[in-house]
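I have placed the structure first, in the form of structure tokens, so that the comments after it can refer back to it.
Since we're looking at a predicted model, the values are computed, not measured. Computed from heavy atoms alone, side chains included, the values below leave out hydrogens, waters and symmetry copies. Along the sequence shown, residues are numbered consecutively beginning with 1.
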Amino acid sequence: MKKLIAILNIIKPAHPLDWRTFILISIIVWVASILVFNNEDTRNNLALLSLLILTIAIGIRTNEPPFIIGKISLSPWITSFLLCLIIYQKTEITRPNFALKSWPIIAACLIFILEFIKDKFKIQSPPPLVRIGFIIIFLIHINIYCWIEFSLRVKNWSPRDREIIPTPKTLQPDSATINPEFKPYSFLEIEPE
């Protein structure tokens, strides 16, 4: 009996918006999705809702120590990764790369939401140093998005155009060839009339 009480004390939420509360809600919704026998769409929607609530619970938990390095919380990146897994599960057939490309943008939006929550939902202009820090973080995430997009485009482009991939022959120092169609051109050369 003491072991059961110890387990229940571990699961018991400290306050209503605790991460344990969301885990318990997620488990209840997941069990409800299992108990729905007749409607496949309802079952899938309840399972998706359970995953989203679990993602919220993990996001809240990773916003606390030991998931904070210095003053930087790992919560936005972990939560956006989990959200992108859910997005990938829904879009893998039609748009397989959409979840990967949306990861940095979702993370930047979650950073903004966390800063808004830390300021206790005050709608006012933050100090210049906070603004500059957030702009730098947002631009870094946009840069990561651009690199992901570029690498995916190169991956799709390189099999179609084999000439751009270096070969051992093109890596030799004397491998440059001149197209014989074009005449050499010199500014000092004057053609006779």
Side-chain angles (χ1 to χ4, degrees), residues 10-30 32-33 41-157:
I10 291 172
I11 297 173
K12 180 180 150 186
H15 52 82
L17 292 178
D18 191 30
W19 62 276
R20 292 178 195 101
T21 306
F22 288 100
I23 286 186
L24 291 174
I25 293 170
S26 174
I27 291 171
I28 291 169
V29 172
W30 178 67
S33 74
D41 289 337
T42 306
R43 177 184 292 176
N44 291 338
N45 290 336
L46 284 173
L48 178 65
L49 181 64
S50 173
L51 278 174
L52 288 173
I53 295 171
L54 180 66
T55 302
I56 292 170
I58 292 172
I60 292 171
R61 176 62 183 112
T62 54
N63 201 25
E64 301 170 357
F67 299 101
I68 297 177
I69 299 172
K71 291 185 177 182
I72 299 173
S73 171
L74 298 178
S75 177
W77 294 284
I78 295 171
T79 307
S80 64
F81 174 73
L82 294 173
L83 287 173
C84 286
L85 285 178
I86 295 170
I87 291 170
Y88 178 74
Q89 189 259 339
K90 289 293 185 186
T91 63
E92 68 178 316
I93 296 171
T94 56
R95 300 175 70 189
N97 297 324
F98 178 72
L100 178 65
K101 292 188 284 188
S102 63
W103 171 75
I105 305 299
I106 294 173
C109 293
L110 289 176
I111 290 170
F112 176 74
I113 291 169
L114 281 176
E115 289 298 320
F116 190 62
I117 291 171
K118 279 183 189 175
D119 289 342
K120 299 185 175 156
F121 303 102
K122 293 179 185 173
I123 302 176
Q124 63 182 10
S125 180
L129 290 177
V130 174
R131 253 193 324 252
I132 290 173
F134 178 73
I135 289 172
I136 289 172
I137 288 173
F138 187 73
L139 290 176
I140 287 171
H141 283 82
I142 295 295
N143 195 8
I144 292 170
Y145 166 79
C146 291
W147 277 107
I148 291 171
E149 178 71 28
F150 177 72
S151 65
L152 291 173
R153 289 196 184 235
V154 167
K155 180 183 156 198
N156 292 335
W157 179 41

Might you work through the side chain to side chain contact (heavy atoms under 4.5 Å, CB included) test for L100 and L152, ending with a clear yes or no? CA-CA 10 Å; L100 178 65; L152 291 173; 4.2 Å; yes
Please step through side chain to side chain contact (heavy atoms under 4.5 Å, CB included) for the pair C84 and I106, ending with a clear verdict. CA-CA 8 Å; C84 286; I106 294 173; 3.9 Å; yes
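The side-chain heavy atoms of W103 and W77, taken from C-beta on, include a pair separated by under 4.5 Å. Under the 4.5 Å side-chain criterion, counting only non-hydrogen atoms from C-beta, I144 is in contact with I148. In this structure the side chain of I142 reaches within 4.5 angstrom of the side chain of I105, judged on heavy atoms. In this structure, I68 and T62 have side chains that are not in contact, with every pair of non-hydrogen atoms separated by 4.5 Å or more.
For F112, the ring-ring contact (aromatic ring centres under 6.0 Å, His included) partners are F134, not counting sequence neighbours. Among residues two or more places apart in sequence or in another chain, the side-chain hydrogen bond (donor to acceptor under 3.5 Å, both in side chains) test is passed with W30 by none. Legend: residues meeting side-chain hydrogen bond (donor to acceptor under 3.5 Å, both in side chains) with N143, ordered by chain and number and at least two apart, are W147.
Nearest heavy-atom pair, A47 versus S33, reported as atom, atom and distance to 0.1 Å: N-CB, 3.7 Å. Closest heavy-atom contact between F138 and A108: CD1-CB, 3.5 Å.
Applying the salt bridge (charged side-chain N to carboxylate O under 4.0 Å, His left out) test to pairs two or more places apart or on separate chains, those with a residue in residues 84-110 are K101-E149. Contacts classified as salt bridge (charged side-chain N to carboxylate O under 4.0 Å, His left out) and involving residues 50-74 (residues at least two apart or in different chains) are given here: R61-E64.
No donor-acceptor pair closer than 3.5 Å links the side chain of T79 to the backbone N or O of P76. Checking side-chain atoms of N63 against main-chain N and O of G59 turns up no donor-acceptor pair under 3.5 Å.
Annotation: the span from S80 atom OG to L83 atom CG amounts to 7.0 Å, rounded to 0.5 Å. The structure places CG of N97 at 9.0 Å from OG1 of T91, a figure rounded to the nearest 0.5 Å. A distance of 12.5 Å separates CD1 in I137 from CD1 in I132, rounded to the nearest 0.5 Å. Expressed to the nearest 0.5 Å, how far CD1 of I86 lies from CZ of F81 amounts to 11.0 Å.
Counted within 6.0 Å of CD1 on I72, heavy atoms from surrounding residues, nucleotides or ligands total 12 or fewer; the atom is thus considered open.
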Which pairs would a plain distance check flag for residues 17-29, meaning a side-chain donor or acceptor within less than 3.5 Å of a matching protein atom at least two apart in sequence or in another chain?
{"unit_1": "D18", "atom_1": "OD2", "unit_2": "A14", "atom_2": "N", "d": "3.3"}
{"unit_1": "D18", "atom_1": "OD2", "unit_2": "R20", "atom_2": "NH1", "d": "2.8"}
{"unit_1": "R20", "atom_1": "NE", "unit_2": "I10", "atom_2": "O", "d": "3.0"}
{"unit_1": "T21", "atom_1": "OG1", "unit_2": "H15", "atom_2": "O", "d": "3.4"}
{"unit_1": "T21", "atom_1": "OG1", "unit_2": "P16", "atom_2": "O", "d": "3.2"}
{"unit_1": "S26", "atom_1": "OG", "unit_2": "S50", "atom_2": "O", "d": "2.9"}
{"unit_1": "S26", "atom_1": "OG", "unit_2": "S50", "atom_2": "OG", "d": "3.1"}

